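For ligands, and for the atoms within them, numbers begin at 1 and follow the listed sequence. Computed from a predicted model, the values in this text were never measured in an experiment.
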Amino acid sequence: MLEYVSLIALSLPAIWIGHHVLSYLISLYQFQKFGASSPVPSITVYTPRDSFATWLLSPWVAPFFESLPPRLGHWFSFVKRDFSWWKKEDFPLPELGDLYWNVGPGGAQLWSSSADINAQILQRKNDFVKNIEDYYALNIYGVNVVSTEGAVWQRHRKITGPPFNEKNSSLVFEETLSQAKSMLASFTQNLDGSEADPGREPIVEDLARWTMTLTLNVISSASLAIKAVWPASSVASSTSNLVNDEERPTKPETEDGLPFQKSFDSVMTNVRILVALWSLPSLLLDYLPIKYFQEILKSSDDFLGYMHTLIGEHKAKIDAESDDDSAGSADLLSSIVRGSTGNKSASLSEEEMIGNIFIFVLAGHETTASTLQTALILLACEPEMQKEVRKEIGAIWDGKEEGEDLRYENYPKMRTIMALMLETLRLYPPVVQLPKFTITPQTVTHNSQTVDIPANSRVSIDVVSTHRSPKYWNQSPSQSRHTFAPSRWLMPSSYVQPPDTSNESPAHENLLCPKKGAFIAFSSGFRGCLGKKFAQVEFCVVVATLLRHYSVVLVGEKGESWEEAKRKALGALDDRRTGVAMRLNGKVKVRFVRSGK
Ligand code: HEM
């Protein structure tokens, strides 16, 4: 009897392993065969599709595989995290072309860097959907416009889309102006608050931290009508001179909680930890022994409490609005609350409102901050380009009366700054992949051939390779696809938008309109970025404010030549990894130096 029991005990693991090995091999064979039968090329990979372990460990494991002979280890370059970024110079376009299958155990994944295919995928919203399971973690505070599909998404988009209007853009302009002025002051003042002598301005060691602070503060006021105070009067010491907690805005207040701004900052800074904690069973969370995690959870509870209070206040204000006030305040939450009064089945619940505000902040602040940081470093590396930007800013100010400040009406004049933003986004997109999914079998047409896509396939748009494709971006030898050339976007006044192209900033005249699907930093079509103009206005105001009287310059190590400092800065720009958005791993030190010094 005992012998039988031990035999069964020994054979169970063997059966389990055998079953998995067999399923792996069958699936690998099936999808390899599928890849070979498709009219587009394929690459075989050997890790299971959607493997979290591969995603997590690949940055460390990849060097081992990539050191093996090409036929043995090359495939790993196609599964490592942010792979298209790492091989952006010449891969995978020359090897596989602009449409190919990545096949392996667990499924097939179609990768596109063809503008035509991208445009087809982005227009056919019912055929190429979001795989909702991938977005579950974003529902911490409530389902939202990013994490939903179909009719639910339509309801969310109908209410969350209209608040991003001209009135909100004007509010973004004003709020950014105020934040950017404080930011500049902190970049150019001594510790005692006096203006630094020209050429002796403090070193900005951590530009990312400050651009993140700015975008978080702007989104706090433009989406919630809560004004945040700039936290440092001088970056000469980023810690000693922070505004203390009593001076920080605390409205709305709740008993014994963190001030709003602190809980808001904590939630956004620790969002990845929160997402991980949120997936644990709630019983475990209640008894989590580590104080650090408990504090993060506490600030999350406080944030939620404030949001409910805020929505209550907004509702009361809107109820009290007369018909004449119907335009009301321009912050996003006011518009969402206003859009949710009336027909219950077409409106958002309080939980969904909070879910959407959270997602606006999440989707909007790191993407914009990383773009600003990258553009400022690029300008520091390219003084001639900086001169062009400053010329434009000077021309805007030349047309102003004494005492007049920048106004939203000046935004269309910021054409060179917009070209700078679009070119930065082309070469350094914060979102490197647009993932879609097929629920039923689909087809796309590529080079006059029909490509069958089975149900349950992942279909991914490779933003990096599309933005560097020689088909769309080799305009001239000085504007080759890998060259940072904002001038490629500045077209003559005779320019007419060609058919089948997209206008990336209708507020600015005569900007290049790329072929549809060739520039997708903000995605496009039905699920295109809701905050595109929000981010564009914000970017322009920050650059116009920082560079009016100052130039941004690189700060090298002692004895280092400028060329060496530039080479290092460009190297640092290349070294990035996906957080919420793609961001730099390291730091580049800069300084804002008074003009002419
Ligand atoms: C430079 C800054 C930004 C970039 C590059 C960017 C990029 C993108 C991209 C690529 C998508 C599509 C993602 C996908 O389909 O997987 C997207 C969607 C979205 N973005 Fe942005 N974004 C930026 C700023 C913002 C801002 C400031 C906000 C809000 C204040 C925002 C809110 C959203 C929302 C709500 C969606 C989802 C739309 C939907 O699914 O219907 N974004 N963004």
Side-chain angles (χ1 to χ4, degrees), residues 118 121-122 125 128-132 134-135 138 143-150 152-165 168-169 171-172 175-176 211-212 214-224 268 331-333 335-336 352 355-375 418 420-437 458-464 466-467 504-505 519-540 542-543 578 580-583:
N118 296 349
I121 293 170
L122 294 173
K125 74 172 188 326
F128 298 99
V129 299
K130 273 188 163 179
N131 189 18
I132 290 309
D134 297 346
Y135 295 84
L138 298 182
V143 293
N144 52 66
V145 69
V146 169
S147 67
T148 46
E149 254 302 337
V152 182
W153 168 77
Q154 262 167 6
R155 177 168 59 82
H156 278 258
R157 182 92 183 194
K158 224 170 165 175
I159 295 188
T160 55
F164 289 91
N165 51 28
N168 183 257
S169 297
L171 177 67
V172 171
E175 297 300 336
T176 309
T211 52
M212 291 277 268
L214 179 131
T215 54
L216 209 52
N217 285 359
V218 170
I219 213 156
S220 158
S221 40
S223 61
L224 299 170
M268 293 309 157
D331 64 278
L332 300 175
L333 183 60
S335 308
I336 288 177
E352 290 171 331
N356 277 298
I357 291 292
F358 168 72
I359 219 67
F360 290 166
V361 182
L362 193 67
H365 90 282
E366 191 166 311
T367 43
T368 315
S370 155
T371 310
L372 268 167
Q373 181 200 12
T374 304
M418 182 47 60
L420 166 72
M421 181 184 197
L422 295 173
E423 184 67 349
T424 305
L425 286 169
R426 184 182 74 80
L427 285 180
Y428 302 92
V431 181
V432 291
Q433 183 202 147
L434 302 176
K436 303 283 175 195
F437 194 73
R458 286 193 179 271
V459 177
S460 285
I461 296 179
D462 177 343
V463 180
V464 180
T466 304
H467 283 186
E504 291 304 318
S505 180
F519 182 83
I520 39 177
F522 292 102
S523 186
S524 73
F526 297 95
R527 298 217 63 154
C529 177
L530 268 178
K532 180 175 176 179
K533 183 143 185 207
F534 188 120
Q536 290 180 326
V537 170
E538 196 174 356
F539 181 96
C540 286
V542 173
V543 173
T578 299
V580 173
M582 280 291 257
R583 60 171 169 197

Among all protein non-hydrogen atoms, which one is nearest to [atom], and what is the separation to 0.1 Å?
atom                     : result
atom 24 (C) of ligand 1  : T367 OG1, 3.6 Å
atom 28 (C) of ligand 1  : G531 CA, 3.5 Å
atom 21 (Fe) of ligand 1 : C529 SG, 2.3 Å
atom 26 (C) of ligand 1  : G364 CA, 3.3 Å
atom 37 (C) of ligand 1  : V146 CG2, 3.5 Å
atom 16 (O) of ligand 1  : P435 CD, 3.9 Å

### Message
Please verify the inter-ring angle class for F164 with F360; under 30° counts as parallel, over 60° as perpendicular, anything in between as tilted.
### Response
perpendicular

### Query
Does a donor on one side chain and an acceptor on the other come within less than 3.5 Å for N168 and S335?
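No donor-acceptor contact under 3.5 Å links the two side chains.
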
### Message
Side chains of S220 and N217 only: does a donor on one sit below 3.5 Å from an acceptor on the other?
### Response
no

#### Entry: 4.5 Å side-chain heavy-atom contact, E504 and K532
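Yes, their side chains come closer than 4.5 Å.
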
### Message
If you define the side chain from C-beta out and look only at heavy atoms, does anything of M418 sit under 4.5 Å from M421?
### Response
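SC-SC contact between M418 and M421 confirmed.
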
### Winner among S223, A581, P429, A363 once heavy atoms are compared against atom 33 (C) of ligand 1
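Looking at heavy atoms only, A363 sits closest to atom 33 (C) of ligand 1.
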
#### Entry: Nearest candidate to atom 9 (C) of ligand 1, where distance is taken over non-hydrogen atoms, out of F360, F522, Y135, Y428
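Shortest heavy-atom distance from atom 9 (C) of ligand 1: F522.
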
### Task
Determine whether any heavy atom of W153 lies closer than 4.0 Å to an atom of ligand 1.
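It does; at least one heavy atom falls under 4.0 Å.
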
### Message
Heavy-atom contact check, 4.0 Å cutoff: does G528 meet ligand 1?
### Response
yes

Quick one: which ligand 1 atoms are inside 4.0 Å of a heavy atom on [X]?
X    : answer
P430 : 5 (C)
T371 : 1 (C)
L434 : 10 (C), 14 (C)
S523 : 10 (C), 12 (C)

### Task
Using distance alone, determine whether R157 and ligand 1 share an N or O pair under 3.5 Å.
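Looking only at distances, the answer is yes, because the N/O contact criterion of under 3.5 Å is met.
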
### Min N/O separation R527 to ligand 1 under 3.5 Å
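By distance alone, the answer is yes.
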
Using a heavy-atom cut-off of under 4.0 Å, does the side chain or the backbone of [X] touch ligand 1, or both, or neither?
X    : value
A521 : backbone
I219 : side chain
V145 : both
F539 : neither

### Message
Name the residue from T368, T424, T211 that meets the side-chain contact (heavy atoms from CB on, under 4.5 Å) definition with Q373.
### Response
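Running side-chain contact (heavy atoms from CB on, under 4.5 Å) over T368, T424, T211 with Q373 returns exactly one hit, T211.
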
### Task
State which residue, out of I336, V145, N356, fulfils the side-chain contact (heavy atoms from CB on, under 4.5 Å) condition with I159.
I336

### Query
Would K125 and E149 count as a side-chain contact (heavy atoms from CB on, under 4.5 Å) if you check the C-alpha gap in whole Å, the side-chain angles of each, and the deciding distance to 0.1 Å?
CA-CA 9 Å; K125 74 172 188 326; E149 254 302 337; over 6 Å; no

Return yes if some donor-acceptor pair links the side-chain N/O of [X] with the main-chain N/O of [Y] below 3.5 Å, else return no.
X    : Y    : value
T215 : H365 : yes
S147 : V143 : no
S370 : M582 : yes

### Query
Could you walk me through whether I359 and L362 pass the side-chain contact (heavy atoms from CB on, under 4.5 Å) check?
CA-CA 5 Å; I359 219 67; L362 193 67; 4.2 Å; yes

